[in-house]
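Start at 1 with the first residue, then count along the sequence.
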Amino acid sequence: MIEVVIVSADPSNLSILGSEPDLRVCAIEPNDFEQTVTQVAAYEPNIIIIDDSNEAINVDILSHVCALRCPDAQLLVLLDSDSSPDFNMLKSAGFKVRGYINHDQRPFLAKAVRVINAGESWLPRKLVAEMLDYFLELESNLL
């Protein structure tokens, strides 16, 4: 059983995963930052899904803190737009996020959870290419 926590005020995100037999899903409505983190950690999730549509919670900071409080959990971010994530988003989250889902990909949310739980990532190929270019440039500057 994959333990999933969704930090979201949108109940439709829970309904997408609710019928999956191998997922045990808990939704947490983000209000107070520390309370949200405490609730997430109490469930000891395998996967933490963070909805970036709530302006009250900073996704980057929540990703960092959840990674510290739940070191065995993997993070997945639900984007509030149809745009694709870029390298700066991944970098701002401290490379803690293993996947991004935009609105067009919501039907694949359960698949993304399983992929990330298996130790892989759910990232667009363009973002992977950006990451490789960034690290190649870093290595070139060190030589």
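Judged purely by atom type and a 3.5 angstrom limit, E130 uses its side chain to pair as donor or acceptor with the backbone of F87.
Between A112 and L76 the shortest heavy-atom distance is CB-CD2, 4.3 Å. Nearest heavy-atom pair, M1 versus P21, reported as atom, atom and distance to 0.1 Å: CE-O, 3.6 Å. Of all non-hydrogen atoms in Q39 and I28, the two that sit nearest each other are OE1-CG2, 3.0 Å.
Atom-to-atom distance recorded for D52:CG and S63:OG is 10.0 Å, nearest 0.5 angstrom.
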Requested in this report: Would you please test D22 and R114 for salt bridge (charged side-chain N to carboxylate O under 4.0 Å, His left out) and show each step?
Outcome: CA-CA 9 Å; D22 60 333; R114 290 182 190 99; 2.8 Å; yes
Query raised in the report: When you look at E44 and R69, which way does the salt bridge (charged side-chain N to carboxylate O under 4.0 Å, His left out) test go after all the steps?
Result: CA-CA 9 Å; E44 299 180 5; R69 295 278 298 269; over 6 Å; no
Report task. Please report the C-alpha distance between I49 and I101 in whole Å, then the side-chain angles of each, then the deciding distance to 0.1 Å, and finally whether the side chain to side chain contact (heavy atoms under 4.5 Å, CB included) criterion is met. Result -> CA-CA 10 Å; I49 301 173; I101 295 279; over 6 Å; no
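Hydrophobic cluster membership is shared by F135 and V128, with clusters built from Ile, Leu, Val, Met, Phe, Trp and Tyr side chains linked at under 4.5 angstrom. No single ILVMFWY cluster, assembled from side-chain heavy atoms under 4.5 Å apart, contains both I48 and L68. Residues L132 and M89 fall within the same hydrophobic cluster, defined by Ile, Leu, Val, Met, Phe, Trp and Tyr side chains chained together at heavy-atom separations under 4.5 Å.
Enclosure of atom CZ in F33 by more than 12 non-hydrogen atoms of other residues, nucleotides or ligands within 6.0 angstrom is indicated. Other residues, nucleotides and ligands place no more than 12 heavy atoms under 6.0 Å from the CD atom of E137.
D51 and S53 share a donor-acceptor pair across their side chains, judged by distance under 3.5 Å alone.
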